[in-house]
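Notes follow the structure.
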Amino acid sequence: MKVLCVNAGSSSIKYQVVDMTDESVLASGLVDRVGIPGTTLEHKPAGKDKVLIKKDLPDHTAGIQLVLDVLINEEYGIMKSMDEIGAVGHRVVHGGEDFAASVVIDDHVKKVIKDCFDIAPLHNPPNLMGIEACQALMPNVKHVAVFDTAFHQTMDPANFLYALPYEVYEKFRVRRYGFHGTSHFYVSHRAAEMLGKPYEQCKIITLHLGNGASMAAIKDGKVVDTTMGFTPLEGLVMGTRSGDIDPAIVFFLMEKLGLNTTEANNYFNKKAGMLGLSGVSNDLRDIIEAADSNNERAKIALEVYYNRIKGYIGNYIAKLNGCDCIVFTAGVGENAIETRENICKDLDYLGIKMDAAKNNVRGKEVDASADDSRVKIFIIPTNEELVIARDTYSLTK
Ligand code: ADP
């Protein structure tokens, strides 16, 4: 059976087709600028050359239709007919408190996704658009929702509640949810395999460091805590998001800079983080390069970035009462050799000791810990699409 994985954003659609007989990726691609002039589709069929198509598309349905046309194209397609797609898996960012696992999409599931619009206004509306576009074009197959929040639903109230009047949790569902769950799920399971221990007996700290970044503390197969909260703004310093700050700064800057709520939201999500602090870029590669050329702001931005992560490692080792391994993943975690080294520096008191030579890799699954490190340091490339494909397959086969 072939599974189509879809990740629909406000103006983009990422897709991947996985053959579940051997979990091989038959094709992947990205439709960019959906609904905006200058739409492009980049299609990567396995074993063939990349294809770039330029064609303006009015909406997500037209975007999905183009993906399906490309998938069955005689020249660069990967199947004869759309009927070969057995099921479709959709990445959905917010499942609220209703879903702790992936589900087959029905009217109730769509209602829950809709009910979460007000707490995930940037993500859930386009996710639902993607689902409805696919359902319209593929009405005869089952569609599955895989939620970013689901894996973190094992957190208990002691970790998910904010110290706010309890009514705002009851009335408005203001609590910590956590995101990147599919990635934390995937790499923590791989880590347990690398440890050679049953997952349910491991204490694992996962570091998903991409443009967006979050960490999770996992014990006995359950998420104990994670750094992102009510929204993906909380926690680590990210490409353009501030992560943890004193909330009073929001009111202060709204007044000083004359920002309304929408502008303030934009400010802390898009103008802050490594971009705002360094003044160089949101991309860590550019910041490292600038720091190497003695740019002082780039240097201090990197120190802030490392320190926040180190602080959470300590926090999580305390919450887990120990740790078998820490895991680096996503764009930065998988590729930034120097960043991993700086994060692990001076953590030997906590049992974390890196082997610099073993750490000298990009995008590969390795154990980068020194022989006498009590805590293993793993680098594990994430694979969210594989989790989506597996969940979709197991719920629909
Ligand atoms: P997202 O999915 O959140 O957009 P990714 O996981 O794809 O992010 O990570 C993208 C980020 O990875 C880039 O912004 C860049 O900062 C970082 N990155 C990729 N390669 C390297 C590298 N070699 N060194 C440092 N950072 C890197």
Side-chain angles (χ1 to χ4, degrees), residues 5-16 28-30 32 42 44 91-93 120 122-123 126-127 146 148 178-187 190 206-216 226-228 231-243 269-293 295 298-299 301-306 308-309 327-344 356 359-366 368 379-388:
C5 303
V6 175
N7 181 354
S10 58
S11 64
S12 70
I13 302 165
K14 282 190 201 145
Y15 64 91
Q16 191 168 96
S28 62
L30 167 72
D32 212 1
E42 190 179 82
K44 295 181 195 157
R91 179 189 180 204
V92 180
V93 166
L122 299 180
H123 296 105
N127 292 162
V146 181
D148 265 27
F179 300 87
H180 293 140
T182 314
S183 177
H184 291 292
F185 173 91
Y186 176 79
V187 298
R190 278 298 304 142
T206 45
L207 289 77
H208 178 108
L209 308 178
N211 201 18
S214 68
M215 289 172 56
T226 187
T227 55
M228 283 179 169
T231 74
L233 186 55
E234 191 178 346
L236 304 181
V237 180
M238 302 174 226
T240 60
R241 296 187 194 123
S242 62
N269 273 289
K270 301 261 172 71
K271 302 220 159 63
M274 295 304 277
L275 172 69
L277 196 51
S278 71
V280 172
S281 162
N282 66 309
D283 192 308
L284 216 69
R285 282 166 291 204
D286 301 338
I287 301 166
I288 292 170
E289 204 182 301
D292 288 345
S293 317
N295 179 320
K299 280 194 208 167
L302 288 171
E303 292 300 322
V304 175
Y305 181 90
Y306 303 143
R308 183 76 51 84
I309 295 171
V327 183
F328 286 95
T329 193
V332 176
E334 292 166 26
N335 297 300
I337 296 163
E338 178 188 321
T339 305
R340 290 192 300 253
E341 201 173 302
N342 280 305
I343 291 167
C344 292
N359 181 49
N360 195 18
V361 292
R362 295 186 204 278
K364 276 202 197 127
E365 200 172 271
V366 295
I379 302 155
I380 303 179
T382 194
N383 198 341
E384 290 155 288
E385 288 76 16
L386 184 58
V387 177
I388 295 174

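Atoms within a ligand are numbered from 1 in the order they appear, just like the ligands themselves.
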- request: Could you give me the CA-CA distance, side-chain angles and deciding distance for V361 and R340, then say whether side-chain contact (heavy atoms from CB on, under 4.5 Å) is met?
  value: CA-CA 11 Å; V361 292; R340 290 192 300 253; 4.1 Å; yes

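Under a cut-off of 6.0 angstrom, the local environment of NZ in K299 is crowded, with over 12 non-hydrogen atoms contributed by other residues, nucleotides or ligands.
Backbone and side-chain nitrogen or oxygen atoms of N211 are examined, and one is located within less than 3.5 angstrom of a nitrogen or oxygen of ligand 1. Geometrically, ligand 1 and N282 share no nitrogen or oxygen pair separated by less than 3.5 Å. Close N/O approach between L209 and ligand 1 is not found [any backbone or side-chain N/O within under 3.5 Å].
Nearest protein heavy-atom neighbour of atom 17 (C) of ligand 1: V332 CG2, 3.5 Å. The closest protein non-hydrogen atom to atom 15 (C) of ligand 1 is D283 OD1, 3.2 Å. Looking only at protein heavy atoms, the nearest one to atom 5 (P) of ligand 1 is G331 N, 3.7 Å. Protein heavy atom in closest approach to atom 16 (O) of ligand 1: L284 N, 2.8 Å.
Considering CG of L207 and CE of M215, their distance stands at 4.0 Å, rounded to 0.5 Å.
Atoms of ligand 1 lying under 4.0 Å from any heavy atom of A330, numbered from 1 in the order shown and given with element: 6 (O). Numbered from 1 in the order shown, with element, the atoms of ligand 1 that lie under 4.0 Å from a heavy atom of G212 read 3 (O).
In this structure, the side chain of N359 engages the main chain of I337 through a donor-acceptor pair within 3.5 Å.
Taking 4.5 Å as the limit, every side-chain heavy atom of F328 sits out of range of all side-chain heavy atoms of T339. Using a 4.5 Å heavy-atom cutoff, the side chains of T382 and T182 are not in contact.
Taking a distance limit of 4.0 Å, we find that atom 8 (O) of ligand 1 is approached by some protein heavy atom.
In summary, of the residues considered (H184, E334, E365), a side-chain hydrogen bond (donor to acceptor under 3.5 Å, both in side chains) with T329 occurs for E334 alone.
No side-chain donor from either of T226 and H180 sits under 3.5 Å from a side-chain acceptor of the other.
For atom 26 (N) of ligand 1, the nearest non-hydrogen atom from the set R340, K14, R362, R285 belongs to R285.
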